[in-house]
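Input: a single structure, listed below in structure tokens.
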Amino acid sequence: MCGLIGYSGPRDVSGVLLESLRKLEYRGYDSAGVAVVNGALEVHKEKGEISVMESSMPPMQGHTGIGHTRWATCGAPSWKNAHPFLSQDRKIALVHNGIIENHNQIRKGLLENGTVFSSDTDTEVLVHLISHYHKGDLHAAVRRALDDVRGTYSIAVVEEYSDEVVVAKKENPLVLGLGLNENFVASDVTALLEYTSDVVYMEDGESAVISPRGISLYGADGSAADRPPSKVQWSMEEARKGGFEHYMLKEIFEQPRSISETIISYIDELEMLEILPTRKKVDMVKILACGTSYNAGMVGKYVIEELSGIPVQVEIASEYRYTTKTNRCPLVVLITQSGETADTLAACREAKDRGSFTLAITNVVGSSITREADAVLFTKAGPEISVAATKTYTAQLIAVYLLAARLGYMNRSMGDEEMRIFKASLRALPNKVSEILDRAQGLQAAAAMFRDATSAFFIGRNRNFPSMMEGALKLKEISYVHAEGYAAGELKHGPLALLDERTPLVAACLGDHTYDKMVSNVSEVAARGSPILLIANDDNEDCETLADQIVRIPPIEPLFSPVTLAVALQLLSYYVAKERGMPIDKPRNLAKSVTVE
Ligand code: AGP
């Protein structure tokens, strides 16, 4: 996954490119570069973060250009593999997100024609191919070159002595930004918000030519296309850090609002919400997702089964294709905050091939999954910049609660009275989350327990178990402490052998039907000398003696405890990572949306 930007207009282009690239840096940050049209083409790129590239950047004057920030997939992170790439005659420059699957084959043909390659990337073949087909019309050459390509891409291309940026898209996000006598393209709207809120989301197979005079959009068949722009609702402020030290902390603190907005969007019409198949009886649900979204799916299993009685299977999206084709289900739910995760998109296609109705839960309007799935339930978390998912996770939980209630009402497991009670509890949730945020200091104090830890275990039961898995995932992702989330009852079947006085245990001992069993499981660990951090409700007193540290969270209707628990664990992992001095928003080796399988 990478980020790209393109601009043509009266502004100093290098300023626009740098500013926009900074907003896209969460999409990849192992090299960055820009190409500026200043009569001839000028290119500057560096290995490392955008700040590295910026610090060595010579003055680059011009009004048309492209930029890129890379997350390596083909070819190691290095100067030579950084984008943009130039054609051999230096007349064309290109940036690319995605993968050219048949690059070896294309490379072979180009080598026979005498092309000299300067990188190990799949991308470079494309700029040479465009150059090969260029007979005076860059847009035509781009389209012709793409006919030869198998794979996925969003690209932006410029040529010398021209104020046009040619762009094209297939299975990688690309959005056009419309301004007054200036126009933009980017892989993400966050890069454009500084300049415009009028955007056009490009569709697969489309191409466009951007210049100060306007944007010409072309359909997959090459004919002129026209689509009115949509208004982005996200403000600049939403996309900025807003005074917090890290995006992650800001995003954790935004949760009362993101949860509330997701609830508000659907709650009034929940009984009749048109997200379910009309012609199929839903007697089973399958949820497919990756990482944090998978953990949200696991919570979904518990709550859908509880509210609707419909059995739910949750599978890792990348593994679904290996299951037998007879593994069919009337309703398949794909959860993906970015809407661009290649594994989840592939699982969506597979589910459709198997005849399932597909429902996507995503945070990004216009993302690929919204075009692939039969129906979409949008989370309203706003832009999430930090690589570690926080507010999108809790918004996904809200979405699965809404889905569970909708299914429960549909099959009459829930009547009007149950629905009324459910809605009232759901509406109370944002305030409960605010109460936990008010207690952030307690979690900051508890983080000291993990300062020197190399491994940690998180345990919970029933619907709290997946949020403990999520707590463990957050900890390993941003603090690099090895962590495992376990169903508490499973600990004694193996992992207990790993517990000693250097291995902290985090346990959710909340006031529900699992409380007594949780206390027993924690006692087993206490006997092994592991430091114990308990997450307990305000009124759970008898577990106190077992704990080295205890963090209190407000009691809540048990159905919704995965949400409050998740928020507490997000704060914990944030403060542990801070204590250990980690690059919280950009953990090593990870990227915000993973567009390769
Ligand atoms: C979350 O903190 C992780 N960065 C990661 O596990 C993520 O949830 C996963 O890659 C799936 O992403 P998606 O929700 O955009 O599909």
Side-chain angles (χ1 to χ4, degrees), residues 1 26-29 71 73 171-173 187-188 190 246-249 251-252 255 258 262 287-300 314-320 333-348 358-370 372-373 376-379 381-400 466-467 469-480 483 485 566-567 569-574 576-577 582-597:
M1 189 196 68
Y26 73 93
R27 298 179 63 88
Y29 31 80
W71 183 64
T73 51
E171 293 175 33
N172 255 270
S187 40
D188 188 318
T190 50
H246 294 97
Y247 281 114
M248 182 179 178
L249 192 61
E251 287 157 6
I252 291 172
Q255 289 178 105
S258 54
T262 307
I287 302 179
L288 307 175
C290 310
T292 289
S293 298
Y294 174 84
N295 293 336
M298 284 289 291
V299 175
V314 191
E315 287 177 30
I316 294 168
S318 58
E319 287 294 310
Y320 177 58
V333 181
L334 296 307
I335 307 181
T336 165
Q337 63 80 20
S338 62
E340 301 294 347
T341 298
D343 289 325
T344 311
L345 289 168
C348 181
T358 52
L359 168 67
I361 295 177
T362 187
N363 194 46
V364 183
V365 177
S367 62
S368 301
I369 198 88
T370 63
E372 302 251 357
V376 185
L377 193 55
F378 286 106
T379 53
E384 189 176 69
I385 306 298
S386 182
V387 166
T390 53
K391 61 176 178 166
T392 54
Y393 175 67
T394 49
Q396 287 170 344
L397 295 187
I398 301 305
V400 296
S467 270
M469 284 169 40
E470 173 58 12
L473 179 63
K474 283 288 87 84
L475 190 72
K476 68 183 121 182
E477 211 178 356
I478 61 163
S479 70
Y480 311 160
V567 176
L569 296 177
Q570 290 164 359
L571 284 165
L572 177 70
S573 61
Y574 172 81
V576 173
M582 295 303 169
I584 292 177
D585 285 331
K586 290 183 271 180
R588 71 183 174 210
N589 303 338
L590 300 179
K592 187 69 190 164
S593 86
V594 185
T595 52
V596 287
E597 285 181 58

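In what follows, every heavy atom counts, from backbone to side chain, and hydrogens, waters and symmetry copies are set aside. Each ligand, and each atom within it, is numbered from 1 in the order the structure gives. For reference, positions follow the sequence shown, starting with 1.
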Quick check on contacts: which atoms of ligand 1 are under 4.0 angstrom from a heavy atom of [X]?
X: Thr341; result: 12 (O), 13 (P), 15 (O), 16 (O)
X: Ala389; result: 1 (C), 2 (O)
X: Ser293; result: 8 (O), 13 (P), 14 (O)
X: Val387; result: 2 (O), 4 (N)

(message) Between ligand 1 and Ala388, is the shortest N or O to N or O distance under 3.5 Å?
(response)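 N/O-N/O distance below 3.5 Å does not exist for this pair.
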(request) Report the C-alpha distance between Gln255 and Thr394 in whole Å, list the side-chain angles of each, state the deciding distance to 0.1 Å, and finish with yes or no for side-chain hydrogen bond (donor to acceptor under 3.5 Å, both in side chains). (result) CA-CA 7 Å; Gln255 289 178 105; Thr394 49; 2.7 Å; yes
Heavy-atom nearest neighbour in the protein, as seen from [atom], with distance rounded to 0.1 Å:
atom: atom 15 (O) of ligand 1; answer: Ser338 OG, 2.6 Å
atom: atom 4 (N) of ligand 1; answer: Glu477 OE2, 2.7 Å
atom: atom 7 (C) of ligand 1; answer: Thr292 N, 4.1 Å
atom: atom 9 (C) of ligand 1; answer: Cys290 O, 3.7 Å
atom: atom 10 (O) of ligand 1; answer: Val594 CG2, 4.1 Å

(request) State whether the side chain of Gln337 and the backbone N or O of Tyr393 hold a donor-acceptor pair below 3.5 Å, judged by distance alone. (result)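 No, because the side chain of Gln337 does not come within donor-acceptor range (under 3.5 Å) of the backbone of Tyr393.
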(message) What's the separation between atom CD in Glu251 and atom OG1 in Thr392, rounded to the nearest 0.5 Å?
(response)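 Going from the CD atom of Glu251 to the OG1 atom of Thr392 covers 8.0 Å.
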(message) Within this structure, what is the CG-CG distance for the pair Leu334 and Leu345, rounded to the nearest 0.5 Å?
(response)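 The distance works out to 8.0 Å.
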(request) Could you walk me through whether Gln396 and Ser293 pass the side-chain hydrogen bond (donor to acceptor under 3.5 Å, both in side chains) test, one step at a time? (result) CA-CA 7 Å; Gln396 287 170 344; Ser293 298; 2.9 Å; yes
(request) Examine the proximity of ligand 1 to Lys474 and report which part, side chain or backbone, both or neither, has a heavy atom under 4.0 Å away. (result)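 Side chain only.
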(request) Go through the steps for Met582 and Ile478 under the test side chain to side chain contact (heavy atoms under 4.5 Å, CB included), then give the verdict. (result) CA-CA 7 Å; Met582 295 303 169; Ile478 61 163; 5.9 Å; no
(message) Could you check whether Thr379 and Lys391, counting side-chain N and O atoms only, form a donor-acceptor pair closer than 3.5 Å?
(response)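 Note: Lys391 and Thr379 side chains miss the donor-acceptor criterion.
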(message) Evaluate Leu569 against Lys474 for side chain to side chain contact (heavy atoms under 4.5 Å, CB included), listing each step before the verdict.
(response) CA-CA 8 Å; Leu569 296 177; Lys474 283 288 87 84; over 6 Å; no
